[in-house]
J.: 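One structure is given below, represented as structure tokens, and several questions about it will come after.
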Amino acid sequence: MRNPLSFLIPIGRKITSRFTRRSTSAPAISVDADHALVQNLNDSRWPSWAQFSYIFRYLGKREGVVFRIAIVLLFTSAAVLVVRYIGRHWIPEPTIGGNHTEAIIGAPRFLNPVLASSDVDVSLTPLVFSGLLRMTTDGTYVNDLATELTVSKDGITYTAKLKPGLQWHDGEKLTAEDVRFTFEMLQDPNVASPRYTEVRGVKVDAPDDGTITFTLESANPAFRNVLAVGILPAHIWSDIPPSALSTTDFNLKPIGSGSFMFKEIWKKGKTGGVTNIILERFPNAPPQARRDVLQLRFVDDTAAGVDALGSGQADGLRLVNTEQMAKAEKIRGAKSTLQPLPQVVAVYFNVKHALFARQEVRLALRAATDQAQVIEQARPDAPVANGALLPGMAGAPSSAPAARVQDLTAATKLLTDAGWAKDGTTYKRKDQTLSFTLAVPDVKEYTEAANALAQQWKAFGADVKVQAVDTSVINKDVIKSRSFDAILYSDRYDGSFDLYPFWHSTQSFDPGLNLTSYYSKDLDTLLTDARQPTLTAEKRAEVYQKVDAILMKDAPAIFFYQSFALIVQKDNLRSTTPMSLMEATNRFLDVTDWYVKTNRVWHWNP
């Protein structure tokens with residue numbers, strides 16, 4: 001095999017013949033002296049660039065090309081290695097700075113943790129107010145104002161220690177007295193707080209400025225959710241009587257202790273409606289925000305929100321209404337992300353209705369349902385939901401479920417075995433007729449789902465009338481009083497993902513959320529067990545799987561799909577935390593992790 005370096009042999013011979021003088025006599029000077037003389041001609045042992053350039057006089061044309069290519073490759077490789085090394089160690093990290101304007105559908109009324117009830121108020125209040133605990137995007141609670149929280153073995157007593165040096169936005173000191181005052185306001189029936197039932201019967205004490213204790217009537221692991229409620233400054237609110245709480249300016253010009261503090265509010269000239277609220281970063285908050293300014297721009301509807309985004313009046317928007325999603329995705333320079341929501345769309349049967357008290361009717365209607373067609377009609381991209389558990393909840397299936405297949409044969413057998421028979425086009429049994437009204441919020445997505453479902457059930461043999469109810473009154477006129485035969489509705493879980501409020505029999509009346517009024521002794525026991533504070537996450541998952549199995553067996557509801565939102569933004573807004581189902585409960589849950597600016601920092605061990 002030919003030596004790959006053989007081309008260097010003639011080069012060496014030329015160099016040798018150039019610098020070597022043949023002599024038959026002994027050299028005039030010694031070799032060492034000759035070396036010393038040559039070294040004295042140059043301060044460096046390395047050849048200069050001028051000297052180095054002579055090498056090309058001793059290389060052939062082909063050899064010169066190869067040598068040049070080798071040099072280029074050497075320096076290119078070295079440059080690539082240097083760039084890669086710097087890239088690995090000189091890492092961009094989020095830094096404080098920048099502004100962001102978020103378009104919000106609706107308008108605020110109570111930026112007050114005691115009175116907040118609307119979606120807008122509930123989502124914005126935590127920006128300004130801190131609680132003892134704070135929920136993270138993975139569903140866990142971490143200390144916020146509290147530096148330590150201990151729970152007694154029986155789950156009855158909670159003791160919180162406050163962090164030292166806490167301050168309100170106006171510079172006043174925050175103490176345990178403020179915490180006690182806030183919870184007493186929550187418990188005052190004259191205040192009429194939406195969270196009254198969560199704290200009723202809880203004894204609150206403040207033995208010193210840095211300690212607060214809560215004594216419950218019975219163990220309730222969901223009480224951690226209550227401890228995340230924002231704390232009000234007693235030095236401001238203690239002078240305001242309950243009758244004036246809803247009208248004070250502090251509801252829209254709040255003073256809290258959260259990551260952002262109020263700076264400015266803009267209102268419409270004639271109507272006085274709020275159009276903008278500007279918040280600034282509070283440097284003394286216990287989690288620090290990375291945005292200097294957060295501006296909230298309030299719009300009347302989703303169309304106005306999309307217009308604000310397209311015209312540059314807003315940088316970000318979250319859309320739940322499917323009608324505007326396609327338009328929002330086409331906005332120039334906008335980036336969109338789908339966000340699954342913690343809510344499931346289902347038909348809930350009122351089991352107090354004589355028709356739906358019969359299990360075979362509920363099961364037959366489910367079997368006669370083409371789930372995929374309903375989803376395609378209402379929200380084609382929505383994830384399938386075949387139970388109360390959604391991905392990310394304890395006990396939920398690890399893979400996405402497939403849509404249920406319509407089985408008219410099974411549906412017919414369920415009814416005929418129970419004595420039902422068709423009278424013309426509708427099933428009847430003795431004096432009962434398979435006839436009912438399906439109530440639905442008057443929202444395009446839901447009415448389309450209800451109409452598609454009604455057509456399927458009519459073809460099967462049910463007389464179904466769809467009743468679209470205005471969204472402004474459906475809660476008051478229909479849901480609170482359970483004045484419906486069946487209702488297509490979207491149940492939304494709170495951050496605790498506790499199924500108790502939705503399915504325990506004690507929650508069959510307002511303000512409970514058991515829309516079906518369904519009762520099962522086994523189900524009640526499981527839901528109560530899931531709340532035990534000593535229950536591990538694995539055991540709670542097992543309990544919820546049993547809960548879901550009972551709901552599937554008895555079918556008090558037919559589950560269809562999980563709702564989702566579309567996050568659209570134009571600025572380079574990022575977050576240090578990944579998107580989660582928990583974050584979907586509140587757009588601003590991870591707001592302290594939002595950033596647009598970065599600084600590169602050197603890390604020797606990345």
Side-chain angles (χ1 to χ4, degrees), residues 106-135 141 144-146 158 160 162 166-170 172 174-206 212-216 220 222-262 265 274 277 279 282 285 296 494-496 501 510-511 585-586 588-589:
R109 185 183 177 195
F110 299 120
L111 297 187
N112 176 334
V114 171
L115 299 178
S117 60
S118 70
D119 289 345
V120 173
D121 291 343
V122 170
S123 64
L124 298 184
T125 297
L127 296 174
V128 182
F129 294 92
S130 302
L132 293 173
L133 301 181
R134 174 173 55 88
M135 180 185 285
Y141 285 93
D144 196 355
L145 296 177
Y158 289 70
L162 298 182
L166 294 173
Q167 286 184 337
W168 295 105
H169 293 160
D170 60 1
E172 294 291 323
L174 190 157
T175 69
E177 178 59 27
D178 295 300
V179 180
R180 186 192 64 78
F181 170 78
T182 301
F183 276 82
E184 286 184 352
M185 280 189 68
L186 291 167
Q187 294 174 324
D188 187 347
N190 295 319
V191 173
S193 171
R195 308 197 70 162
Y196 170 75
T197 57
E198 298 178 74
V199 296
R200 183 173 52 192
V202 177
K203 183 181 178 183
V204 187
D205 291 309
I212 190 81
T213 63
F214 304 89
T215 306
L216 282 59
N220 178 13
F223 189 68
R224 285 180 176 270
N225 185 41
V226 180
L227 294 180
V229 68
I231 304 303
L232 289 173
H235 68 279
I236 291 176
W237 289 89
S238 59
D239 295 331
I240 303 174
S243 59
L245 289 178
S246 62
T247 58
T248 176
D249 286 347
F250 288 113
N251 285 317
L252 290 176
K253 299 178 180 180
I255 294 176
S257 59
S259 300
F260 289 93
M261 56 183 177
F262 172 82
I265 184 171
V274 179
I277 288 181
L279 305 176
F282 180 46
L296 309 171
D494 65 13
S496 67
D510 186 69
T585 62
N586 187 337
F588 301 101
L589 186 62

J.: Check whether the side chains of Tyr196 and Asp188 place a donor and an acceptor atom closer than 3.5 Å, and report yes or no.
T.: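 Checked: Tyr196/Asp188 side chains show no N/O donor-acceptor pair below 3.5 Å.
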J.: Mind listing the closest non-hydrogen atom pair of Trp237 and Met185 along with its distance?
T.: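 The answer is CB-SD, 4.4 Å.
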J.: Nearest 0.5 angstrom please: Asn112 CG to Phe250 CZ, how far?
T.: 11.5 Å
J.: Does any part of the side chain of Leu127, heavy atoms only, come nearer than 4.5 Å to the side chain of Leu124, both counted from C-beta?
T.: yes
J.: May I have the step-by-step check of side-chain contact (heavy atoms from CB on, under 4.5 Å) for Asp144 and Leu132, ending in yes or no?
T.: CA-CA 5 Å; Asp144 196 355; Leu132 293 173; over 6 Å; no
J.: Looking only at non-hydrogen atoms, find the nearest pair between His169 and Phe260 and report the distance.
T.: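 Shortest heavy-atom separation between His169 and Phe260 comes out as CE1-O, 3.0 Å.
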J.: Does the Ser193 side chain pair with the main chain of Val114, one donor and one acceptor, at a distance under 3.5 Å?
T.: yes
J.: With Glu184, which residues qualify under salt bridge (charged side-chain N to carboxylate O under 4.0 Å, His left out), at least two apart?
T.: Arg180
J.: How close do Ser257 and Ser130 get, counting heavy atoms only, and between which atoms?
T.: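 Taking every non-hydrogen atom into account, O-OG, 3.1 Å.
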J.: Do Pro113 and Ile231 make a side-chain contact, defined as non-hydrogen atoms from C-beta onward lying under 4.5 Å apart?
T.: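 A side-chain contact is absent here, since even the closest heavy-atom pair is not under 4.5 Å.
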J.: Can you tell me how far CZ of Arg195 sits from CG of Asn225, rounded to the nearest 0.5 angstrom?
T.: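 CZ of Arg195 is found 5.5 Å from CG of Asn225.
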J.: Starting at CG of Leu227, measure out to CG of Leu133 and round the result to the nearest 0.5 Å.
T.: 5.0 Å
J.: Test Tyr158 against Phe223 for ring pair (Phe, Tyr, Trp, His ring centres under 6.0 Å), laying out the working first.
T.: CA-CA 9 Å; Tyr158 289 70; Phe223 189 68; 5.1 Å; yes
J.: Of Ile277, Leu111, Asp249, which meets side-chain contact (heavy atoms from CB on, under 4.5 Å) against Ile265?
T.: Ile277
J.: Could you tell me whether the side chains of Asp178 and His235 share a donor-acceptor contact shorter than 3.5 Å?
T.: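 Checked: Asp178/His235 side chains show no N/O donor-acceptor pair below 3.5 Å.
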J.: At their closest point, which heavy atom of Ala285 faces which heavy atom of Ser259, and how far apart are they?
T.: CB-CA, 3.6 Å
J.: Working note: Phe183 + Val202, criterion side-chain contact (heavy atoms from CB on, under 4.5 Å); need CA distance, chi angles, decisive distance, verdict.
T.: CA-CA 9 Å; Phe183 276 82; Val202 177; 5.8 Å; no
J.: Any luck finding a side-chain donor-acceptor pair between Asp121 and Ser118 under 3.5 Å?
T.: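 There is such a pair (donor and acceptor under 3.5 Å, judged by atom type) between the side chains of Asp121 and Ser118.
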J.: Going by heavy atoms in the side chains, are Val191 and Leu186 under 4.5 Å from each other?
T.: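 Side-chain contact under 4.5 Å: no.
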J.: State the CG-CZ distance between Leu245 and Phe110, to the nearest 0.5 angstrom.
T.: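 If I round to the nearest 0.5 Å, the distance is 9.0 Å.
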J.: Nearest 0.5 angstrom please: Asn220 CG to Glu198 CD, how far?
T.: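 Going from the CG atom of Asn220 to the CD atom of Glu198 covers 9.0 Å.
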J.: Can you name the closest pair of heavy atoms from Phe262 and Pro254 and give their distance?
T.: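 What the structure gives for the nearest pair is CB-O, 3.5 Å.
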J.: Ile212 and Ala206: which non-hydrogen atoms are nearest, and at how many Å?
T.: CD1-CB, 3.8 Å
J.: Apply the test side-chain contact (heavy atoms from CB on, under 4.5 Å) to residues Leu232 and Phe129: give CA-CA distance (whole Å), side-chain angles for both, the deciding distance (0.1 Å), then the verdict.
T.: CA-CA 7 Å; Leu232 289 173; Phe129 294 92; 3.6 Å; yes
J.: Under the criterion side-chain contact (heavy atoms from CB on, under 4.5 Å), I'd like the reasoning laid out for Val204 against Thr213: C-alpha separation, chi angles, the key distance, then a yes or no.
T.: CA-CA 6 Å; Val204 187; Thr213 63; over 6 Å; no
